Every structure is written in C-alpha cells, then in structure tokens.
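Okay, structure first, notes after.
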Amino acid sequence: MSMERVELPQLHQHPLIPFNRFVSGWCYLCNPFNLLIQSNPNENIYGGYRCNELGCEKVVFHKDCAKPLKEINHSFHPDHPLKLIIPTIPLQDSQPHTCFCGRSFKTGYCCSICDFKLEMECATRPEPLVLPESSYGHEHPLKLVCETCLKQSPKFCKACVKYVSQTNPHYRCQECEEFVIHVDCLVFPPQYHTSHPQHQLNSFRGQVPDYADKNCLLCEKEFDQEHHQLYHCDVCNFSICRECISNPPPVDVECLKTHEHQLHLVPRLIDFTCNACGTKGNRSPYFCLKCNFMIHRECIDLPRVININRHDHRITYTPRLRHGEWKCKVCRQKVDGFNGVYTCSKCPTFSVHSRCATRKDVWDMVEREGSPEEEEEIAPYEVIDDNTIRHFSHDHNLGFNNDGVILSESTLCTACVLQISSEPFYICKQQQCDFILHEKCANLPRKKRHVRNNLPFTLHTDSHFKFRCGLCFQYSTGFRYESAFDVNIDVRCASISDSIEHESHPHPLYYYSTSNDRRCSRCEKQVDFVFRCDECEDYILDGKCASLPKKVMRNRYDDHPLFLSYGDMNVDEKYWCESCETKVDPKRGFYTCNDCGVVLHISCVFGDFSYIMPGSFIYVVFGLKDVYIWEGYMKSSKEEVVSNNSICRPLCVVCNSRCKLPSVLKTMLKETTLGEDFNDMQRRTWLRVSFFIFDKRVENEDLSCFQGLFLCPEAVSLLLHNFCIYHISPPGHEFGAAPVFSSDPCPSVEDQILDIKHKDRVLGLILYIASMQSTLTV
C-alpha cells in the first residue's frame, strides 16, 4: 500500500506525506526562524504533513499551514480581509515581505488596500499584536516586535526581570523603547480548555503551587522556571503549560495504522504500560475502552517500514510477537513480545524496541511503506578472470596475490593506509603504478549503514582528499565513507559494528553516541562516540583506542609481529619503550613482541601521519589547543608527508632528536605573506625555511620539543598547545611606544625570548618578529 503524497511546490521542493503522530519540532511555514535557533524549545505538532526524503526530517507543516486559507479576517485589522501571500517558484527568487512585527517573510497574509502584512505565525498567534495603554502599569501601548538582528542594547522584561531576546517575539513600547515584556509573561483571564471543560483554568505567573505537579499534565514539560507560566484548576489540581493552552492536543484521534478504533485522551496522572512500545507512562495516555488499549501520544502513528543504522535490511513494525526470548539490537534489553516491536522478515531473531528503532540517531527518518526495495548493490569491481579484476577506484586491471609473502614495511594499502604484510592483496598490473589493495578492502561495499550517522554512507576513493575520521578522529588519505552533514569515517572504523570484542577488556563493548562527559579509560581523552561495557559501566573506550590494529608486522624495532597489549588497570607495572627510551604506562596500552619482549608506546608505532599515504601534500594549522590538518582536496602544498626509511634519519627541528616513526612531515615554506611593517611602511618580505617535524604530539610532561624551539630559531611557525602563550611585542609595537628609527638597535628574537620568565613552563608560543625590513606574525 503506497502512502498518500501531496505536491506543494510553493512550500517545499519535495512531495509531502500526511502524518497523525505527535511531533516535537517547528512548523516549516509559520515558525521558520525557530528552525535556525537551536536553543529555542520545540513546539508540539499534532498531525500535519512532513517531507519523507533523506535529510529533510525537520520539514514539518501544521495541517492548516500546508493547506492555508486563501483569505482570513484578523481582529487587529477588522475593516478588510487579508489575502494569502505564497512564494513564487523557484523559492529562492520569491519576493520577501515585512510583517507588522518587523520580521521578513515569504508566506503570510496582506491587505491589498492598506498594505498591512502578517507572517503566518503572527496571523495565527492567540496573543494580541498590540497591548493597550496602561498594560502592566505603562502609559503607552505595547507593540509585538521581533528584530531580525541585534540592533539595541540588552533589555529586561518588566514582568519577570529576565533578559529579553530581541530576535524572539516580545512586546515593546515604541515611544520609550526601554519598556519590554516577554510574550510568555502575558497573563490571560480564566478560560476553559478542551481537556478540562468542567472548570475554568486560572493563569499563574509566579511560584508553582506546592501541592501541584511541577510538569505539565499533558506534555510533561517542566514548567518554565523563569516565567512560571501555567494554567491551573485548584478544584481538580489540574495544571498545564502555556503551549498546551494555545495548542491543545486533540481529545480524540483516529489512526488505523495504530488501532482499529478511535482513541480518547485520558488527561490525568495514571501509571500505564504502552501497548505500542512496551514502556511505562505516568500521565495522559490515549485509550480505547473496547480493547483496553493504552498508548503514549508520541507512539501514535509509528512508521510501518523503516531502515535503521544497526541492520542491513528493512525492518517492519509488528503489534505483537509470540512468547519467546527476545533482546533489542539497539539497547540490548529484554523485548516484551506482547507489545509492539520492529522485526526483520529476513532475520527471524532480529528485534528492536519501538522507541529504540525510531530514535533520531538510529532511524533515517524516512518511511519506506509502499516504496520498492533498494536496488541490488553495485559490485565494487568487475571480474576480468580468475586472478584479475577492474576496481571502480582505479583505471588499470588489478592482479590477485595470495602467496603469503611478507611485503616491505613501506608497502601500504591505498584504502586503509595500513601495511599489506602477508595478507592477500590486489596489485596494479602496470609497472609504473603502485596502486595496491588488501583483498578485504577491494571488497568494501560502495554503500553501507553505520552507527556513526543515521543516514547511509557512500564510499569515496579520491586519494588527494584529506579528511578526519568522525569516529577515531585520525587524519587519513585513504578511502572514506561519507554521509550527510560532512560525516566521514575511514574504512577501518567503517568495519566496526555497534559492538566489539577488545583485548583491553573481558566483556563486549557497545557503541554509544555520547560519553556523558566521561573520559576514555585508557587514553583519558574526553570525546563523544564511545564504546562502553554494559556490565562495567565505568569502562569506556574512545574511537581511536577501539580501532587500533591488533597486530603490526615488520616494525623496524623487531622482525616479529607486534601485538597490542594492555596492563592491569589495578596493578602498577613499569616498562620502557624501545624507541624513545622513556617509561611506558601499561594502562594506556602498548605494542609488544611475544618472542623478544620488545615494548613500544602506541604513539611510537602510530603517529599523527600514520594514516596519511607518504607523498601526500597537506596543510597543517597550529591552533591554540590542537594541531589541525586542512580537510579537502589538495594536490600540491608546501608540506608533504614522506617516508622515514633512509639510513640516516632526519633531525627534528622541534625536539632536536632523530625522527623514529615511519612517516614525517617535510615542510618548505616559500613566499609566505608576512604581517604589516610598523611605522605604516606596509613593507613585506619572504621567509624560506626547510625543516622536518617529528610525527608525535607533545605529551604534557615532555619538555624536549619546547626546548627545541629555543635551539632552532627557524621553527617560528610552530605553535604548540595546552600551555601558557606569551606575546612578544617587537620594538615600536608596545602600547604608547615612541617611533622607531633605522639607527635604533633592534634586539634579536633570541634576546626577546630570554626576557620571558619561567620559559621552561611554556609549550605554546606566539612570536612577533620585527625589524626595519620585515615583520613576521605567527
């Protein structure tokens, strides 16, 4: 059965489908500005129209807004009717209009005689557009206004004495300018409500009564702690919020997708189990008296057929399962087979709670009912013969090799940028081409779903594109999977599912999209997107630690395989790194040889450039707290990642030691534009420097790289992070300084550095170097 679709090209470029569910969001027509302000709380939309295309989940319309009246009468403009203004096609070329409140709009109403115009929100809002004289003790009328930008100094509401945002609708005196009132601070007279018709509800502005519930009876929203706007019946102890007064939920709902009978609202505090999702509720369910069926209002009209990022097949909503042992694939909790659940027709044991399946970080927000199944996946290569393929990422034929020979350490897979080692691989048959792929990388699907985003990912193979993986946060030039909103993950992380078995912990670790401000149990970094143990909830790993290779072959320090190992979290052990000859904290992890006992820091095996193919050009940006690599396409640059495989290893100009990692950064700064010269001469010069940067970030306790800054004055372009930053003013740049003449002595950079006290505590440094010939700003 196909879903009804409505074409409204003046409102949105895609067809819209009707829905009966309760959506928390903003109407795309009457509240377009709130979509841009993330801090504004959502409103409740009870049925309407929505876009069913990928990436358009926020496009929602009220029923009345999707099919607005062509003419209305408004109480503020009673003499003439207001006619509908709709945008022309294409939408971006539509002529904007200005509302009575000051906002610009494209869809609304206007008077053809008086040129009086209202946007959709002002045309439908219950509050008056102008408050009469003597309102709130003020002698002048108060007009509803809304600025498109901050034009005036901060204002504070005269009712609640809280800050008033000028970009949100509020009342302001047009003569005094200083007298402003929040819209939410208006006090309305007692009124009846559809969900409580027996008594009038009184408007409260102030403290919530001690005996009353602190949350709205209908939507469960906590009452506004600033304005304390609620409507209360002191006879029945019935309290609802301001939004539910102006936008009441329907008393009766008909939705055959949910239940065969009409559902009725029960507006009271009551504990129940929802038949649609199986979870508990404590207030205002919808109820069918004939069937004893109860449901959360947000579970009405659940989608029938959907795709989620935890499964490769479509899943379908099932009102009931048979009795059995079921476990949710997302939260891994028990599934009650007597309530609604999502299942897969191709995988009999697969089940997901309704609430888990429709989470915004799991479901792609597209209903698939009535739409055909996706086409067969396109193979990533064409088979030429038993040992030859033509991969879509390469122009030449690739030959298969499964001899088990161990290739050199510098032979890296183009896709994952890891050693080929002894694994089966495909290699280009052209002699002058070094393109090579692991067999498993050659079979990577061109499209897939992954827990990192609710929308599908597509495989991209451009080796000139530099990106930062959205799961492990490592920079790479290998193949990448790209999804909407610029979410990229490398192929190593793409192979990780929502659960992993990791050598650092005895129990399985499961993916969570937030760490709740907790740190990785191993590297102690705080990031989102972590893997956590459900049995030991205090144990988590970030994406970088979770994706480290378990085995490394042909390392320069040992001919045997090196295995990723971890020490006991509760035992103090001491090891020494074979590479840098410093202590190793086994709790953070290390690589070791099971035959020789060699121990290496993880950072001495994998550095910042380890997933960037040697020969790649990059652009490094040194920020105040981190070092960044410019993401995007780059075929030439002044900075190049090169293999560190020469007999004589280069000397790092930062830490003044020999570079030990497989890759280093070679930088040639030419024609670097410098800052303006002092005395308004605006002279420029050029700096030419060639140096290497050691491929290892500075640890907090390591001062060697900072000392290298003083040993090598050429490294003035390096700004390290996480410590104090000193600003050295050149002569003539100090506040109140006298003009500097050519005959005046100019101290060298070294002299200025020596003037800094406690320089051994500084890791970050900003230098301003000036002379009569040039000025350098870094």
Side-chain angles (χ1 to χ4, degrees), residues 19-25 42 44-47 50 52 57-58 60 215-216 218-222 249 253 255 257-259 263 265-266 270-288 293-311 313-321 324-344 347 349-369 449 451-455 498-499 510-514 516 532 534 537:
F19 68 91
N20 289 313
R21 75 177 63 104
F22 290 19
V23 173
S24 178
N42 292 335
N44 295 310
I45 299 176
Y46 308 118
R50 61 181 290 267
N52 199 41
E57 67 274 4
K58 292 185 178 181
V60 182
N215 298 76
C216 175
L218 299 179
C219 69
E220 204 174 357
K221 183 184 298 182
E222 185 177 2
V253 172
C255 182
K257 286 172 61 177
T258 301
H259 193 64
L263 301 174
L265 176 65
V266 182
I270 179 173
D271 293 329
F272 68 98
T273 299
C274 175
N275 291 110
C277 69
T279 61
K280 301 290 185 180
N282 64 359
R283 68 190 65 216
S284 302
Y286 279 83
F287 179 62
C288 174
F293 177 89
M294 280 193 175
I295 186 173
H296 293 113
R297 65 181 195 168
E298 56 267 27
C299 291
I300 295 175
D301 194 26
L302 286 173
R304 287 327 212 191
V305 183
I306 61 175
N307 276 327
I308 63 172
N309 59 9
R310 310 300 175 96
H311 197 58
H313 308 137
R314 290 184 175 187
I315 58 175
T316 304
Y317 178 76
T318 304
R320 292 179 185 85
L321 284 174
E325 295 295 327
W326 306 90
K327 184 175 286 188
C328 176
K329 178 62 176 175
V330 175
C331 71
R332 296 165 298 280
Q333 300 299 314
K334 181 181 177 181
V335 172
D336 186 349
F338 297 104
N339 295 305
V341 68
Y342 283 89
T343 60
C344 176
C347 306
T349 61
F350 185 89
S351 62
V352 182
H353 288 126
S354 302
R355 287 290 184 98
C356 294
T358 53
R359 275 171 30 188
K360 290 185 177 180
D361 63 330
V362 175
W363 175 33
D364 63 11
M365 308 304 291
V366 174
E367 298 188 37
R368 306 288 178 177
E369 185 179 14
R449 293 184 179 272
V451 294
R452 180 55 183 83
N453 198 11
N454 64 330
L455 301 180
D498 59 342
S499 64
Y510 298 96
Y511 175 81
Y512 284 84
S513 58
T514 178
N516 294 323
R532 194 179 79 192
D534 285 347
E537 292 188 358

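What you see is a predicted model; the values in this text were computed from it and never measured. We're numbering straight along the sequence, starting at 1.
- Nearest heavy atoms, V341 versus H353: CG2-N, 4.3 Å.
- Note that the CG atom of N215 and the CG atom of N282 stand 8.5 Å from one another [nearest 0.5 Å].
- With a 4.5 Å cut-off on side-chain heavy atoms, F338 and R320 do not count as touching.
- In terms of modelled atom types and a separation under 3.5 Å, the side chain of N309 and the main chain of R449 share no donor-acceptor contact.
- A 4.5 Å side-chain heavy-atom check between T316 and V305 finds at least one atom pair inside the cut-off.
- Residues Y342 and R304 come closest through the heavy atom pair CE2-O, 4.1 Å.
- Between P319 and H259 the shortest side-chain heavy-atom distance does not fall below 4.5 Å.
- Between the side chain of N454 and the backbone N or O of W363, at least one donor-acceptor pair lies under 3.5 Å.
- For the pair R50 and F19, the cation-pi test (distance below 6.0 Å, angle within 45°) is failed.
- Distance check: D498 CG to H311 NE2 gives 11.5 Å after rounding to the nearest 0.5 Å.
- Side-chain atoms of S351 never come within 3.5 Å of backbone atoms of W326 as a donor-acceptor pair (strictly under, hydrogens ignored).
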Show your working on side chain to side chain contact (heavy atoms under 4.5 Å, CB included) between I315 and I306 and close with a plain yes or no. CA-CA 6 Å; I315 58 175; I306 61 175; 3.6 Å; yes
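- Shortest non-hydrogen contact noted between P285 and I270 is CD-CG2, 3.5 Å.
- With a 4.5 Å cut-off on side-chain heavy atoms, R332 and D534 count as touching.
- Residues M365 and K360 have side chains in contact (heavy-atom distance under 4.5 Å, counting atoms from C-beta outward).
- Residue Y286 holds its OH atom at 10.5 Å from CD of E298, rounded to the nearest 0.5 Å.
- When every heavy atom of D361 is checked against every heavy atom of S513, the shortest pair comes out as OD2-OG, 3.3 Å.
- Taking CZ from R297 and SG from C274, the interatomic distance works out to 13.0 Å, rounded to the nearest 0.5 Å.
- You'll find the side chain of P249 stays beyond 4.5 Å of the side chain of N44, heavy atoms only.
- Residue V330 comes nearest to C356 through the heavy atom pair CB-CB, 3.8 Å, listed as atom of the first residue, atom of the second, then distance.
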Full working for side chain to side chain contact (heavy atoms under 4.5 Å, CB included) between R310 and Y511: CA-CA 11 Å; R310 310 300 175 96; Y511 175 81; 4.0 Å; yes
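- Taking OG1 from T279 and CD from Q333, the interatomic distance works out to 13.0 Å, rounded to the nearest 0.5 Å.
- The CD1 atom of I295 sits 13.0 Å away from atom OG1 of T273, with the distance rounded to the nearest 0.5 Å.
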Go through it in stages, so that I can follow the logic: the residues are D364 and L455, the test is side chain to side chain contact (heavy atoms under 4.5 Å, CB included), and I'd like the CA-CA distance, side-chain angles, deciding distance and then a yes or no. CA-CA 5 Å; D364 63 11; L455 301 180; 3.8 Å; yes
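- A donor-acceptor pair under 3.5 Å is absent between the side-chain atoms of R283 and the main chain of G281, judged by distance alone.
- Between the S354 side chain and the A276 main chain, a donor and an acceptor come within less than 3.5 Å of each other.
- In terms of heavy-atom proximity, G340 sits nearest to Y317 at CA-OH, 3.4 Å.
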